Amino acid sequence: MWQFFKLKQTPNFSARVCLSCCGSMVGSVKMRISHLFITFLSVLVGSLAIRSLVFPSETSTSYVEMIPQKPLSLKAFTLCMRVATELSGEREIILFAYRTPDFDELNVWRELDGRLSFYLSGDGVLFQVPTLGFLQTHLCFTWDSSSGAAAVFMNGWKSLTKIYRKGHTVRPGGRVILGQDPDRFLGDFHAKQSFVGEILDVNMWDFVLSETALRNLVCGKKEQKGNIFDWETTELRKNGNVEDFNIEI
């Protein structure tokens with residue numbers, strides 16, 4: 001049975017390590033951990049090369065459109081991503097935007113006060129969680145219309161469950177973009193709301209994944225490919241100043 005050194009936790013840096021004997025997740029680690037230990041873990045766990053997007057500067061023109069595998073007619077969802085940003089202070093940051101011609105059907109934000117939130121065609125649901133920062137964070141947002149249960153998972157750790165928009169349906173016919181918040185259908189962007197940083201591994205399902213499956217995602221273990229967005233195969237259409245390259249997770 002594999003045994004690992006005891007690791008101290010910090011809120012923003014996910015080790016993304018699974019124990020080989022049971023698939024458990026080791027939490028966050030300090031930056032001082034040695035390169036030798038990182039290499040040792042990567043040999044045990046393996047690595048996955050995936051596409052990463054970098055938005056290098058604040059603009060009102062740069063974004064990436066994601067082409068879904070099927071229409072976003074949703075009574076439940078799980079939306080996951082990896083994010084890192086150096087933006088700080090009282091600054092809104094759009095993380096994901098799905099808009100139809102008439103409504104913001106699903107928008108995900110970091111709020112002015114650092115809370116994470118999502119909005120379904122109206123008032124949003126907000127979560128008090130550790131602040132996003134310059135170290136990569138794995139995020140998942142879940143919602144189920146039948147119960148109204150909504151939650152955020154940060155590096156595999158679950159927030160308080162809140163009840164939100166019970167009985168609601170996310171409507172199809174829109175477009176999904178990363179990097180900007182469209183105040184009209186794919187337009188009217190504001191630089192002060194734009195995303196600046198790195199975003200990758202954006203996956204979406206039309207159901208709520210189990211907590212075990214969500215924790216495994218932090219380690220790069222995907223039990224089921226996203227049936228709305230699967231990052232490995234989803235078509236991405238870049239606009240403006242967005243860089244993309246492959247990295248290992």
Side-chain angles (χ1 to χ4, degrees), residues 10-14 28 51-66 77-99 103-143 150-155 157 159 162 164 174-204 218 229 231 236-244 247:
T10 58
N12 289 325
F13 184 39
S14 171
S28 301
R51 191 176 187 181
S52 180
L53 302 174
V54 171
F55 297 78
S57 60
E58 185 178 90
T59 77
S60 61
T61 56
S62 300
Y63 65 91
V64 173
E65 182 176 3
M66 300 183 68
F77 66 79
T78 301
L79 172 64
C80 298
M81 63 190 73
R82 299 181 193 271
V83 177
T85 181
E86 293 184 344
L87 292 174
S88 60
E90 293 189 352
R91 166 66 151 79
E92 292 177 312
I93 306 174
I94 186 70
L95 300 176
F96 180 95
Y98 170 54
R99 183 177 175 87
F103 296 100
D104 291 324
E105 288 290 335
L106 170 57
N107 278 10
V108 179
W109 290 91
R110 190 197 77 172
E111 300 283 343
L112 287 171
D113 60 5
R115 289 182 294 176
L116 295 180
S117 63
F118 62 87
Y119 294 74
L120 302 178
S121 304
D123 292 339
V125 58
L126 289 80
F127 299 90
Q128 188 71 51
V129 293
T131 304
L132 291 180
F134 54 86
L135 298 179
Q136 192 181 103
T137 301
H138 187 271
L139 297 175
C140 288
F141 301 83
T142 63
W143 172 76
V152 174
F153 290 75
M154 178 176 276
N155 291 333
W157 298 98
S159 72
K162 297 192 175 185
Y164 174 62
R175 299 169 78 174
V176 171
I177 64 172
L178 305 175
Q180 299 288 345
D181 170 39
D183 288 338
R184 58 180 174 82
F185 197 44
L186 212 61
D188 197 10
F189 303 138
H190 300 280
K192 290 298 182 182
Q193 295 178 325
S194 66
F195 178 79
V196 181
E198 183 178 14
I199 188 166
L200 63 150
D201 205 16
V202 182
N203 296 280
M204 190 175 191
V218 183
F229 294 113
W231 188 251
L236 303 177
R237 298 176 180 173
K238 296 193 303 176
N239 294 267
N241 184 21
V242 184
E243 302 293 335
D244 70 286
I247 66 169

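Note that the numbering runs from 1 along the sequence shown for the chain. Everything numeric in this text was worked out from a predicted model, so none of it was measured.
Ile199 and Leu95 make their closest contact through CD1-O, 3.7 Å (heavy atoms, listed as atom of the first residue, atom of the second, distance). Taking each heavy atom of Thr61 and Gln180 in turn, the nearest pair found is N-NE2, 3.7 Å. In plain terms, the two heavy atoms of Ser121 and Phe103 that are nearest each other are OG-CB, 4.1 Å. When all heavy atoms are compared, the tightest approach of Leu200 to Trp231 is CA-CZ2, 3.8 Å. Of all heavy-atom pairs spanning Cys140 and His138, the tightest one is SG-CE1, 3.4 Å. Listed here is the closest heavy atom pair of Lys238 and Asp244: NZ-OD1, 2.7 Å.
The residue from Val108, Leu116, Val129, Asn155 that alone fulfils the side chain to side chain contact (heavy atoms under 4.5 Å, CB included) condition with Leu139 is Leu116. Each of Leu126, Asn107, Val152, Asp123 was checked for a side chain to side chain contact (heavy atoms under 4.5 Å, CB included) with Ser117, and the lone residue meeting it is Leu126. Between Phe118 and the choices Trp109, Tyr98, Tyr164, the ring pair (Phe, Tyr, Trp, His ring centres under 6.0 Å) rule is met once, by Tyr164.
With a 6.0 Å radius and a threshold of 12 heavy atoms from other residues, nucleotides or ligands, Asp113 has its CG atom above the threshold.
Checked by atom type and distance alone, the side chain of Arg82 never pairs as donor or acceptor with a backbone atom of Glu198 at under 3.5 Å.
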*Using the salt bridge (charged side-chain N to carboxylate O under 4.0 Å, His left out) rule, take Lys192 and Glu92 through it: C-alpha gap first, then chi angles, then the decisive distance, then the call.*
CA-CA 7 Å; Lys192 290 298 182 182; Glu92 292 177 312; over 6 Å; no

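To the nearest 0.5 angstrom, Arg115 atom CZ is 11.5 Å from Thr131 atom OG1. Atom CD of Gln136 and atom CG of Asp201 lie 8.0 Å apart (nearest 0.5 Å). One finds the CZ atom of Phe189 at 10.0 Å from the OG atom of Ser62 (value rounded to the nearest 0.5 Å). Atoms OH and CG, on Tyr119 and Leu106 in that order, are 12.0 Å from each other to the nearest 0.5 Å.
The aromatic rings of Phe77 and Trp143 are tilted relative to each other, their planes meeting at an angle between 30° and 60°.
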